[in-house]
K.L.:
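Take this structure first; my questions come after.
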Amino acid sequence: METCEDVRESVKKYYGNRLESSCDLNTSAPSCSLSCSVPKIVTQALSLVHPEVTKRFYGCGLPFPAKLEGCKILDLGSGSGRDCYAFSKLVGPNGHVTGIDMTEELVTVSRQYIEYHQKKFGYEQPNITFVQGYMEKLGEAGIQSDSMDVVLSNCVICLCPDKRAVLQEVYNVLKEGGELYYSDMYASKVVPDHMKKDPVLWGEGMGGCLFWKDLISLAHNVGFSTPHLVSASHIVVHNDELKAKAGDICYSSSTYRMFKLPKHPVVTDATVTYKGTVADCPDQLDFDSSHCFKKDVAVEVNGEMAAILQSCRFAPDFKIQKLDKPEPCSESTPQYCHLNPFLLADKLGNAVKQCSKTGK
Ligand SMILES: C[S@@+](CC[C@H](N)C(=O)[O-])C[C@H]1O[C@@H](n2cnc3c(N)ncnc32)[C@H](O)[C@@H]1O
């Protein structure tokens, strides 16, 4: 696997021909990896998806943010379409879902069930489209710039050799205030080059996933906000040979969310008060693993969080009051401990641990 093209062809074979069902993967994360309970509307939406689609689900998390109704969303690496069909229910008849995947066999499976779900959800027209294409070339695949409210993905970006290109394309297709919310695999340290050349390690996500800290610099370089860690679990490697190859590297399945902020956001600390207006979240809105906004309770947030809440689709759900405070003295280097998925997975204790180290 020398070039990006070699890697893509190898991944296509891995998911198109080699695997028949989710059980064929050598790694697994607990299906409920959220730090908070899964909203009922999400479990209901997932339960309505056709079993033939669900059978070929290869995701590692649950990338289902709140308030999707009416949104235009894009699922990167949609596979057989399980998450897309659940999103199709959640966005409702006025929203739209586009799934993009490069593997013909999976795109073919996903397209077979469009009418089934349209009828099941009682929609006059389908609100879903599946595109065969590459997520690092969204423009070429016909996805318009500034057109998406939310981009989602489930265990896909770790399979792509050019992660910067993916994030850059996502940034381009998102509307201002839009977000990338995705579950993926992360390593506790930088994965060495020799592991990247192994097609099975790569196909399982173990060869190509990012060291979690590298996501932060990548996101900032592209122009996104700092990523917010939503949930995390340890990944269990079942196969002894792969486990030996991984050595002391641990893997986590984690969900992060990051936002496309306005070009020149007003970045000042603020107090924000959640109004309780997001459907199915009347008492509190679990925004990420460190921010759980309770209805009618004012909390102080930093300037970047204030800018996010002011510009994203949750803006009408918050009262935001800027604080007239001097800028805090800048710390030398932020440590981002609260963004470490291994620490969060340890804290939540929702996984079987394979090794004792955490990627601090
Ligand atoms: C682990 S599977 C996950 C599929 C789906 N998200 C799910 O949860 O079932 C990874 C998927 O990403 C797709 N994929 C990998 N690299 C891609 C790329 N560069 N562009 C588009 N799709 C890609 C593969 O074809 C495969 O369907």
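Just follow the structure's listing: the first ligand is 1, and inside any ligand the first atom is 1.
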K.L.:
Which of the numbered atoms in ligand 1 are under 4.0 angstrom from any heavy atom belonging to Thr103?
P.N.:
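In order of number, 24 (C), 25 (O).
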
K.L.:
How about Ser80 and Ser110: does a side-chain donor come under 3.5 Å of a side-chain acceptor?
P.N.:
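No, no side-chain donor-acceptor contact under 3.5 Å.
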
K.L.:
Can you tell me how the ring of Tyr186 sits relative to the ring of Tyr256, calling it parallel under 30°, perpendicular over 60° and tilted otherwise?
P.N.:
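Rings of Tyr186 and Tyr256: perpendicular, over 60°.
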
K.L.:
Please work out which of the three classes, parallel, tilted or perpendicular, describes the rings of His228 and His291, given edges at 30° and 60°.
P.N.:
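Aromatic pair His291/His228 classed tilted.
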
K.L.:
Any nitrogen or oxygen of Gly77 lying under 3.5 Å from a nitrogen or oxygen in ligand 1? Just yes or no.
P.N.:
yes

K.L.:
Report the part of Asn154 in contact with ligand 1, treating N, CA, C, O as backbone and CB onward as side chain, heavy atoms under 4.0 Å; options are side chain, backbone, both, neither.
P.N.:
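Under 4.0 Å from ligand 1, Asn154 contributes backbone and side-chain atoms.
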
K.L.:
Is it the case that ligand 1 has an N or O less than 3.5 angstrom from some N or O of Asp101?
P.N.:
yes

K.L.:
List ligand 1 atoms under 4.0 Å from Glu136, heavy atoms only on the residue side.
P.N.:
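Once the distances to Glu136 are compared, the set is 18 (C), 19 (N), 20 (N).
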
K.L.:
Please work out which of the three classes, parallel, tilted or perpendicular, describes the rings of His117 and Tyr85, given edges at 30° and 60°.
P.N.:
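It falls in the parallel class, under 30°.
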
K.L.:
Looking only at the side chains, is there a donor atom on one of Ser145 and Asn172 sitting less than 3.5 Å from an acceptor on the other?
P.N.:
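Yes, because at least one side-chain N or O of Ser145 sits under 3.5 Å from a partner of the opposite role on Asn172.
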
K.L.:
At a non-hydrogen distance cut-off of under 4.0 Å, which region of Tyr58 contacts ligand 1 (side chain, backbone, both, or neither)?
P.N.:
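It is both backbone and side chain that touch ligand 1.
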
K.L.:
Numbering the atoms of ligand 1 from 1, which are under 4.0 Å from a heavy atom of Leu106?
P.N.:
27 (O)

K.L.:
Suppose I only count heavy atoms of Leu159 and a 4.0 Å limit; which atoms of ligand 1 are within that range?
P.N.:
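In order of numbering, the contacting atoms are 10 (C).
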
K.L.:
Can you check whether Val156 has an N/O within less than 3.5 Å of an N/O in ligand 1?
P.N.:
no

K.L.:
Just checking, any donor-acceptor pair under 3.5 angstrom between side chains of Glu176 and Ser311?
P.N.:
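There is no such pair (donor and acceptor under 3.5 Å, judged by atom type) between the side chains of Glu176 and Ser311.
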
K.L.:
Using heavy atoms and a 4.0 Å limit, tell me yes or no: is Arg82 in contact with ligand 1?
P.N.:
no

K.L.:
In ligand 1, which numbered atoms sit nearer than 4.0 Å to a non-hydrogen atom of Gly133?
P.N.:
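Every atom of ligand 1 under 4.0 Å from some heavy atom of Gly133: 20 (N), 21 (C).
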
K.L.:
Cut-off 3.5 Å, no hydrogens considered: what does the side-chain donor-acceptor table look like for residues 131-138, sequence neighbours left out?
P.N.:
from	atom 1	to	atom 2	distance (Å)
Gln132	NE2	Met102	O	3.4
Tyr134	OH	Lys12	NZ	2.8
Glu136	OE2	Arg8	NH1	2.7

K.L.:
Kindly list each side-chain donor-acceptor pair under 3.5 angstrom involving residues 68-77, sequence neighbours excluded, with atom names and distances?
P.N.:
none

K.L.:
Counting both backbone and side chain atoms, is some N or O of Ile100 under 3.5 Å from an N or O of ligand 1?
P.N.:
no

K.L.:
Contact between ligand 1 and Gly205 is defined here as a heavy atom of the residue under 4.0 Å from a ligand atom; is it met?
P.N.:
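No; Gly205 lies far enough from ligand 1 that no heavy-atom distance drops under 4.0 Å.
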
